[in-house]
Amino acid sequence: MDISYYLIRAHLYEKERNGQVSCTLQEIEAIWQCTRRHVIRKLKKLEQLGQLRYQPGRGRGRKSTLTFPSDFREEVEKFLRFCIQENKPTILFQLLQLPIPRHWYAHMTELEQLFGYQQQEGQDTLRTVFNRPITTLDPCASSITFESHLIEQISDTLVIYDQETDSVHPHLAHHWKTNEDNTEWFFYLRKGVLFHHMREMTSEDIAYTIDRFKPDSPYYWLVSDVVQTEVIDRYIIRFQLARSNPFFLRYMASVSMAILPRDVLFNEYEWVATGPYQLKERTEQKLVLEVFPSYFHMRPFLDRVEMWRIKPGEKKVNYSLSEQGPTQSHYEVEQGFRFLAFNFHRDSIIQDKYFREAMYHLVDTERIFTELNLEQLFGKLKHASSFFLEKSVAPIKSEQKLKEALKKSAYQGEPLKVGVLRHKSTGIQAEWLLQEAAKYGIVLELCEYELDSIYNKNEMLAFDMAFMGEVANIDRELSFIGAFKNEALLFRTYFGPSHLRKIDTYLEAFKNGKTKKERYKIADKIESYLHQERLIIFQNHPMKERTHTAFLQDFELTGFGHPNFRRLWIDRLA
């Protein structure tokens, strides 16, 4: 079905007056992305169908007039119901991508039928949504939680980390061993593990995966100690490290170490790995995972997962796993935190510790939540002062100390650029800060950036400071190391060389700590350094509402806070 009519009307709707709009053919060419000849042909066809009247403008470049006999909102609702009744999700989601006011269809309970659990031709399908473009799915680079979650569903690692027992278990490798000083590691592979293109995995694929990491890869730190990779035989591989690293085994459990085949050139859109799901389709609007029948481990119960992109609008509509039947819901604190980071590569007042101290007292998250009534949107405020949730305490903010620090600083009222993620909730908090800063003569200029901007250092380095979030996976100690080592994250991007040298020295001791207690003491020293120097300003640990239908069984979240499709199953009797 051609949705050209809805496309043109949606894009011209703001200019429409009493069912009539004036525009040039050039504007319509841009909307339909076709030639002038095809534009005129389409307009005449729509005129024959009675959907519009077309009055061409006289002379080149003159505006034409389109007259629409029907109310557009009524037509949208009618078309959406048709798509639902005829089970045409592809066309429906194309329509939902258009600039149509979301409140026109937010009340339509029929839309829920297209989300959640579906049974199609004997297959159990789960249909859910995402609301922004997917960035990279390359495990060497992906530093965003949703993308890392997807990689986790379609790939495997040599070993896996178990959060409950704080231990590492066999996976693609059934056994491993290391020497006394942890500089030599051997991994013994399972036999008969197949890639999605049906070739058996061997140790040469492990060597290839390690070799993919280049010095400019965000996750190069995972393999930077490897000085030699030796393929002993088809199922045994050896790694020689430059220095002792007891954490190397946990490095191998990172989703970034997803094992890829040596004989397939990596393609973002045609993923090949060993995981329980295969990437069957990926477009800007849709991503489909299908079960891999020859998976070496437990076969998932869900046969297919469809994820459709719906752009966020002015009114929140939650099309998720919770749209059918009785639901189970609870709030939990995310293993991550929001923060403001200072860019020490800028020759600006940011270099002045007194100014950073003033900013510390200015960023009062409790006041932000209270005055903007954010607890209704995000749940109860959980203050952050540490990477680790259980160690966080409420900070003490003082207007008097703010004024004293600002007076001692060399700030002269110069404007400062503040990077703010293009997201409504982040924007309103940043606007509050801008207005609050102005009361003390601090001039802030808000600059929006997209989530994938973290991969563009030049863009992020153009800000004097930036708001960002850090999310930990299930191995929180590994995440702690990665937060400082990942070249794509703000700490590595914004901290100066002296800061990084000091932190890297601490991290080396952290990796070699023999017990968790010993490692946490070193983590305390790193966090004390962050606070003393005001390198970042901790804000809060986000509170997330987790809701899902009661008949989804074994509902668990991955380390990245998304449903683990490997475990989900449907209880049709619930």
Side-chain angles (χ1 to χ4, degrees), residues 144-146 316 329-342 356-399 401-402 418-437 444 446 448-449 451 454 463 465-474 476 479-480 482-484 489-491 494 523-524 526-547 557 559-562:
I144 300 174
T145 55
F146 180 62
K316 184 180 179 182
S329 179
H330 67 282
Y331 278 94
E332 64 181 44
V333 186
E334 185 176 77
Q335 290 292 347
F337 61 95
R338 301 286 184 265
F339 63 92
L340 176 68
F342 296 108
R356 300 197 302 274
E357 181 70 20
M359 287 299 299
Y360 167 79
H361 291 285
L362 180 67
V363 182
D364 189 338
T365 307
E366 186 156 349
R367 280 190 61 204
I368 293 172
F369 264 61
T370 301
E371 295 181 17
L372 296 177
N373 199 22
L374 294 183
E375 286 198 357
Q376 283 193 349
L377 291 175
F378 307 120
K380 188 176 179 180
L381 170 63
K382 177 63 179 175
H383 288 288
S385 62
S386 167
F387 282 67
F388 304 99
L389 175 63
E390 66 275 12
K391 291 164 57 179
S392 282
V393 296
I396 298 173
K397 305 283 181 167
S398 165
E399 183 180 16
K401 289 184 177 180
L402 188 164
V418 183
V420 181
L421 185 64
R422 193 186 301 276
H423 189 279
K424 186 178 179 182
S425 66
T426 311
I428 58 175
Q429 294 180 61
E431 284 287 349
W432 180 95
L433 184 66
L434 183 147
Q435 294 172 21
E436 191 67 17
L444 301 181
L446 302 184
E448 288 190 327
Y449 67 87
L451 196 53
I454 66 170
F463 309 136
M465 55 190 109
F467 285 99
M468 181 52 83
E470 172 64 19
V471 180
N473 64 25
I474 56 173
R476 296 191 301 160
S479 294
F480 182 74
F484 297 105
L489 300 184
L490 273 195
F491 305 130
Y494 274 12
D524 287 343
I526 294 175
E527 291 185 343
S528 293
Y529 177 60
L530 297 180
H531 285 293
Q532 288 165 9
E533 294 298 317
R534 298 295 185 216
L535 302 188
I536 66 170
I537 298 173
F538 289 88
Q539 290 185 277
N540 64 294
H541 298 284
M543 186 78 73
K544 297 289 187 179
E545 183 179 14
R546 308 298 187 188
T547 305
L557 301 175
F560 303 104
H562 297 279

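Leu434 has its side chain out of reach of Val418: every pair of non-hydrogen atoms, C-beta onward, lies at least 4.5 Å apart. Taking the side chain as every heavy atom from C-beta outward, Gln539 and Phe337 never approach each other to under 4.5 Å. For the pair Leu374/Gln429, a side-chain contact is recorded, criterion being any heavy-atom separation below 4.5 Å from C-beta on. Within the 4.5 Å cutoff, the side chain of Ile536 has no heavy atoms near those of the Phe342 side chain. The closest side-chain heavy-atom distance from Leu530 to Phe339 is not below 4.5 Å. By the 4.5 Å heavy-atom criterion applied to side chains, Leu444 and Met465 are counted as neighbours. Counting only heavy atoms from C-beta outward, the side chains of Leu446 and Leu433 never approach each other to under 4.5 Å.
For Glu366, the CD atom sits in a loose shell: 12 or fewer heavy atoms of surrounding residues, nucleotides or ligands are nearer than 6.0 Å. Enclosure of atom NZ in Lys401 is not indicated, since only 12 or fewer non-hydrogen atoms of other residues, nucleotides or ligands lie within 6.0 angstrom.
Between Phe387 and Phe538, the ring planes lie perpendicular to each other; the angle is over 60°, past the 30° to 60° tilted range.
Under the 4.0 Å criterion applied to side-chain N and carboxylate O atoms, Glu399 and Arg367 are not assigned as salt-bridge partners.
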Candidate pair Met468 and Ile454, rule side-chain contact (heavy atoms from CB on, under 4.5 Å), full reasoning:
CA-CA 10 Å; Met468 181 52 83; Ile454 66 170; 3.3 Å; yes

Check against side-chain contact (heavy atoms from CB on, under 4.5 Å), Ile537 and Leu362:
CA-CA 10 Å; Ile537 298 173; Leu362 180 67; over 6 Å; no

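For residues 426-435, there are no salt bridge (charged side-chain N to carboxylate O under 4.0 Å, His left out) pairs, not counting sequence neighbours.
Note: Leu372 CG to Ile428 CD1 = 5.5 Å, rounded to the nearest 0.5 Å. Going from atom CD1 of Ile368 over to atom CG of Asn373 covers 14.0 Å, rounded to the nearest 0.5 Å. To the nearest 0.5 Å, the span separating OG1 on Thr365 from CH2 on Trp432 amounts to 8.5 Å. Note that CD of Gln435 is 10.5 Å distant from CD of Glu371, once rounded to the nearest 0.5 Å.
Of all non-hydrogen atoms in Ala523 and Lys391, the two that sit nearest each other are CB-NZ, 4.4 Å. Looking at every heavy atom in both residues, His541 comes nearest to His383 through CD2-O, 3.2 Å. Minimum interatomic distance between Lys382 and Leu389 (heavy atoms only, all atoms of both residues): CE-CD1, 3.6 Å. The minimum heavy-atom distance linking Ser392 with Ala384 is given by the pair OG-CA, 3.5 Å. Counting all heavy atoms, side chain and backbone alike, Phe491 lies closest to Ala483 at CD1-O, 3.1 Å. Leu490 and Ala341 make their closest contact through CD1-CB, 4.1 Å (heavy atoms, listed as atom of the first residue, atom of the second, distance).
Without hydrogens or angle criteria, Ser479 side chain to Asn473 main chain gives a donor-acceptor distance under 3.5 Å. Using modelled atom types, one side-chain atom of Arg356 and one backbone atom of Glu533 make a donor-acceptor pair closer than 3.5 Å.
In this structure Tyr360 satisfies the ring pair (Phe, Tyr, Trp, His ring centres under 6.0 Å) test with no other residue, sequence neighbours excluded. Shown here are the ring pair (Phe, Tyr, Trp, His ring centres under 6.0 Å) partners of Phe467, two or more places apart in sequence or in another chain: there are none.
Remark: aromatic rings of Phe388 and Phe480 are close, center separation under 6.0 Å.
At a cut-off of 3.5 Å, with distance as the only test, no side-chain donor of Glu527 or His531 sits close to an acceptor on the other residue.
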